[in-house]
Asks: 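My structure is below; once you've seen it, I'll send some questions.
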Amino acid sequence: MASTQFQPIQGMSDIAPPDIALWQMIENRAREIFARYCFEEVRTPVLEKTELFSHSLGETTEVVTKEMYTLEDRGGRQLSLRPEGTAGVIRYIAGSGEAANNRLFYLGSMFRCERPQAGRKRQFHQIGVEAIGAPNPLADAEVIALQVHLLAAWGLEGAKVRLNTIGLPEDRAAVIKGLREAIRPHLNELPEDAQQRFKTNVLRLLDSKDEAVQKVVAKVPPVIEFMSAESRAYLDAVIKTLKQLEIDVEVDASLVRGLDYYVHTVWEVVHGSLGAQNALSGGGRYRIEVGKKTFDGVGFAMGVERVITALEANGIGAAQFAPAPPVFIVSLGEAALNENLLLLQMLRQRGVACEMELSDRKVKAQMKRANKTGAKQVIIRGDTELEKGIFVLKDMKEGTQREVELPELMELL
RNA sequence: GUGGGUGUAGCUCAGUUGGUUAGAGCGUCAGGUUGUGAUCCUGAAUGUCGCGGGUUCAAAUCCCGUCACUCACCCCA
């Protein structure tokens, strides 16, 4: 029934078997790799004060102005479901002082109330890291290395890292001014909405998809030209270190980021399979103020749904990570059912995954169910076997079966 | 927020210029004798044709609205 009454709300989905196996693989391997880079997990609340996000992401960013799920609690406080993970982690660190590890990772749901499309859900999942510390090109390169390592651990091929700098906050005015001056002569070549953005957010013109805009942007010098020597040297150092580490990146002067907290290095990982939302990850160095404290750090967030799309395009799917099929126990008669219940428990305690039919159904029905679970081995024990103290062990693939005693059964499973 | 496409059984879809009890494949369930699955054979069940309204003697089919899915813009992971 195509009824809406059992569907989750728009832009949100149930993640369930068999697909869940791929999610688990992604999370498990991420944990392994994070451990090697000495990042530890943090789980922050999904609900935070709205101002935490508006301050750190920027009051005027689209995410804050249009996309947050915001609500008022009974005390009249403005709260929002987190649209990203960094702000909450920084708040945690700010509150923990010296005690907090400055290398943290997180994974969990994020919420943005946008129109869903390919690679964009309203509840989506991110895996991210934050390495807190003063700006240091080596730290940026290390985090990019971690990210590339992670992609490899998942078996993902064909991903590209695009890298750029957006410079220091002090550079920003110069960049905007320089960009405006460079574009102004071509202003009449731009469509109307782009002319609007020329005033409100010139940087955004750089990564516009509009052909007319791209034509103009191609004539404009790269943004680093407008930046201080310090900013340029920082980017060069990051690039040099990545080269040493033999990590392939593509420096792309048109890459910009939407959140206000970014400084210096920014990057994204793109993959051809993704449709219009072609970035499966976004990262960068940032500077965030929480209360009177300022935090410098570098990190990234990967969209798990997008990673999955890319993996599937690589032929990597949930089926490859499905749990091993259980052993199935078939009973006949009440006495055998009870005895088999004990057997079931014993096997489970020995580490064997197994399942059995708990109601008194026909052998045929039980076998059918065993087959459906994918069981390779089936133990059949009815009253006859019970009397003889044996078990019938059937190999489902071969279709053969033989009688065994308990010690041998244990041996075989 | 704006625009395009789609919405028929659990799933994938057919349904001709509006015309009688709406179909297929897969899946499900039951049989093919006594305690054996998958294969094979036989049979069965299942649809407010997304929802609401309108046009018509007659609507799954045409019109309007609405909801949802999907893709794109925008923005972002």
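Below, chain A is the first sequence line, B the second, and so on; all start at residue 1. Computation of the quantities below employed the complete heavy-atom set of this structure, encompassing side-chain atoms and omitting hydrogens, waters and symmetry-equivalent molecules.
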Asks: OP1, OP2 of B:rU36 versus side-chain N and O of A:Lys362: anything below 4.0 Å?
Replies: no
Asks: Look at A:Arg402 together with A:Glu408 and state whether they make a salt bridge at an N to O cut-off of under 4.0 Å.
Replies: yes
Asks: Could you tell me how far apart A:Arg162 (CZ) and B:rA77 (P) are, to the nearest whole angstrom?
Replies: 13 Å
Asks: So what does A:Gly128 touch, heavy atoms closer than 4.0 Å: a base, only the sugar-phosphate, or nothing?
Replies: nothing
Asks: Between A:Arg162 and A:Glu268, does any side-chain N to carboxylate O distance fall below 4.0 Å?
Replies: yes
Asks: Considering only NZ, NE, NH1 and NH2 on the basic side and carboxylate oxygens on the acidic side, decide whether A:Glu41 and A:Arg31 come within less than 4.0 Å.
Replies: yes
Asks: Under 4.0 Å, counting only non-hydrogen atoms across every strand here, what does A:Ile380 touch: a base, just sugar-phosphate, or nothing?
Replies: base
Asks: Whole angstroms only, please: what is the CD-P distance between A:Gln377 and B:rG37?
Replies: 19 Å
Asks: Give RNA chain B the dot-bracket treatment, 5' to 3': Watson-Crick (N1-N3 with N6-O4 or O6-N4) or G-U (N1-O2, O6-N3) under 3.5 Å, [ ] crossing, | other strand.
Replies: (((((((..((((.....[...)))).(((((.......))))).....(((((..]....))))))))))))....
Asks: For A:Lys121, which contact category applies under a 4.0 Å heavy-atom criterion: base, sugar-phosphate, or nothing?
Replies: base
Asks: Could you give the distance separating B:rU48 and B:rU33 at their C1' atoms, to the nearest angstrom?
Replies: 43 Å
Asks: Mind checking whether A:Tyr37 and A:His149 have parallel, tilted or perpendicular rings, split at 30° and 60°?
Replies: perpendicular
Asks: Inspect the contact between A:Lys215 and A:Glu189 and indicate whether a charged nitrogen and a carboxylate oxygen are less than 4.0 angstrom apart.
Replies: no
Asks: Does A:Gln10 reach a base, just sugar-phosphate, or nothing at all? Heavy atoms under 4.0 Å.
Replies: sugar-phosphate
Asks: Any base atoms under 4.0 Å from A:Glu398, or only sugar-phosphate, or nothing? Heavy atoms, all strands.
Replies: nothing
Asks: Answer with base, sugar-phosphate or nothing: what part of the nucleic acid does A:Met302 contact at a heavy-atom distance below 4.0 Å?
Replies: nothing
Asks: Round to a whole Å and report the spacing from CZ of A:Arg306 to P of B:rA77.
Replies: 8 Å
Asks: Atom CG of A:Leu205 and atom P of B:rC74: how far apart are they, to the nearest Å?
Replies: 11 Å
Asks: For A:Gln277 and A:Arg306: C-alpha separation, side-chain torsions, deciding distance, then whether side-chain hydrogen bond (donor to acceptor under 3.5 Å, both in side chains) applies.
Replies: CA-CA 9 Å; A:Gln277 262 60 43; A:Arg306 293 184 187 181; 5.1 Å; no
Asks: Is the distance from OP1 or OP2 of B:rC75 to the nearest side-chain N or O of A:Arg197 less than 4.0 Å?
Replies: yes
Asks: So, does A:Asn340 use its side chain to make a donor-acceptor pair with the main chain of A:Ile329 at under 3.5 Å?
Replies: no
Asks: Taking OP1 and OP2 of B:rA72, is either one under 4.0 Å from a side-chain nitrogen or oxygen of A:Gln117?
Replies: yes
Asks: Give a yes/no on whether any side-chain N or O of A:Gln401 is located under 4.0 angstrom from OP1 or OP2 of B:rU36.
Replies: no
Asks: Is the closest basic N to carboxylate O distance between A:Arg369 and A:Glu355 below 4.0 Å?
Replies: yes
Asks: Round to a whole Å and report the spacing from CG of A:Leu332 to P of B:rU34.
Replies: 12 Å
Asks: Identify which one of A:Glu305, A:Glu114, A:Glu67 satisfies the salt bridge (charged side-chain N to carboxylate O under 4.0 Å, His left out) criterion when paired with A:Arg120.
Replies: A:Glu114
Asks: I'd like to know if A:Glu84 and A:Arg82 make a salt bridge, using a cut-off of under 4.0 Å between side-chain N and carboxylate O.
Replies: no
Asks: What is the nucleic acid contact for A:Gly333, judged by heavy atoms within less than 4.0 Å: base, sugar-phosphate only, or nothing?
Replies: nothing
Asks: What nitrogen or oxygen pairs link the protein and nucleotides 2-6 of chain B at under 3.5 Å?
Replies:
{"unit_1": "B:rU2", "atom_1": "O4", "unit_2": "A:Arg115", "atom_2": "NH1", "d": "3.2"}
{"unit_1": "B:rU2", "atom_1": "O4", "unit_2": "A:Arg115", "atom_2": "NH2", "d": "3.4"}
{"unit_1": "B:rG3", "atom_1": "O6", "unit_2": "A:Arg115", "atom_2": "NH2", "d": "3.1"}

Asks: Would you say the side chain of A:Lys364 and the base of B:rU36 hold a donor-acceptor pair, judged only by whether the two atoms sit under 3.5 Å apart?
Replies: no
Asks: Could you tell me the separation between the CE atom of A:Met367 and the P atom of B:rG37, rounded to a whole number of Å?
Replies: 7 Å
Asks: Using salt bridge (charged side-chain N to carboxylate O under 4.0 Å, His left out), reason through A:Lys376 and A:Glu398 one step at a time and then give a plain yes or no.
Replies: CA-CA 9 Å; A:Lys376 291 201 172 68; A:Glu398 300 296 322; over 6 Å; no
Asks: Run A:Tyr286 and A:His264 through ring pair (Phe, Tyr, Trp, His ring centres under 6.0 Å) and show every step you take.
Replies: CA-CA 8 Å; A:Tyr286 50 80; A:His264 282 312; over 10 Å; no
Asks: When you match A:Glu385 and A:Glu305 each to their closest nucleotide on RNA chain B, which lands nearer the 5' end?
Replies: A:Glu385
Asks: Please pick, from B:rA38, B:rC29, B:rC75, the nucleotide with the shortest atom-to-atom distance to any side-chain atom of A:Lys372.
Replies: B:rC29
Asks: Rounded to whole angstrom, note down the P distance from B:rG31 over to B:rA68.
Replies: 44 Å
Asks: By nearest atom, which of the nucleotides B:rC75, B:rA77, B:rU36 is closest to the A:Glu67 side chain?
Replies: B:rC75
Asks: Between B:rG23 and B:rU8, how many Å separate the two C1' atoms, rounded to a whole number?
Replies: 10 Å
Asks: Rounded to the nearest angstrom, tell me the gap between atom CG in A:Asp260 and atom P in B:rC75.
Replies: 14 Å
Asks: Could you tell me whether the side chain of A:Gln277 has a donor or acceptor atom within less than 3.5 Å of a complementary atom in the base of B:rC71?
Replies: no
Asks: Taking only the side-chain heavy atoms of A:Lys209 (C-beta and beyond), determine which of B:rC75, B:rG37, B:rA72 contains the nearest atom.
Replies: B:rC75
Asks: Mind checking the P distance from B:rG10 to B:rU36? Whole angstroms is fine.
Replies: 32 Å
Asks: Less than 4.0 angstrom from a charged side-chain N to a carboxylate O is my criterion; do A:Glu225 and A:Arg232 meet it?
Replies: no
Asks: By the 4.0 Å heavy-atom rule, please label A:Gly283 as base, sugar-phosphate, or nothing.
Replies: nothing
Asks: Is there a donor and acceptor pair closer than 3.5 Å between the side chain of A:Gln366 and the base of B:rU36?
Replies: no
Asks: From CG of A:Leu311 over to P of B:rA77, roughly how many Å is that when rounded to an integer?
Replies: 19 Å
Asks: Any side-chain N or O of A:Arg369 under 4.0 Å from OP1/OP2 of B:rU36?
Replies: no
Asks: Looking only at atom P, what distance separates B:rU2 and B:rU12, rounded to whole Å?
Replies: 29 Å
Asks: P atom, B:rC13 versus B:rC71: distance in rounded Å?
Replies: 14 Å
Asks: Give one of base, sugar-phosphate or nothing for A:Ala370, where a contact means two heavy atoms less than 4.0 Å apart.
Replies: nothing
Asks: Determine the interatomic distance between C1' on B:rG54 and the same-named atom on B:rU16; round to the nearest Å.
Replies: 25 Å
Asks: Of A:Asn278 and A:Lys397, whose closest RNA chain B nucleotide lies nearer the 5' terminus?
Replies: A:Lys397
Asks: What's the gap between B:rA22 and B:rA45 when it is taken at their P atoms, as a whole Å value?
Replies: 14 Å
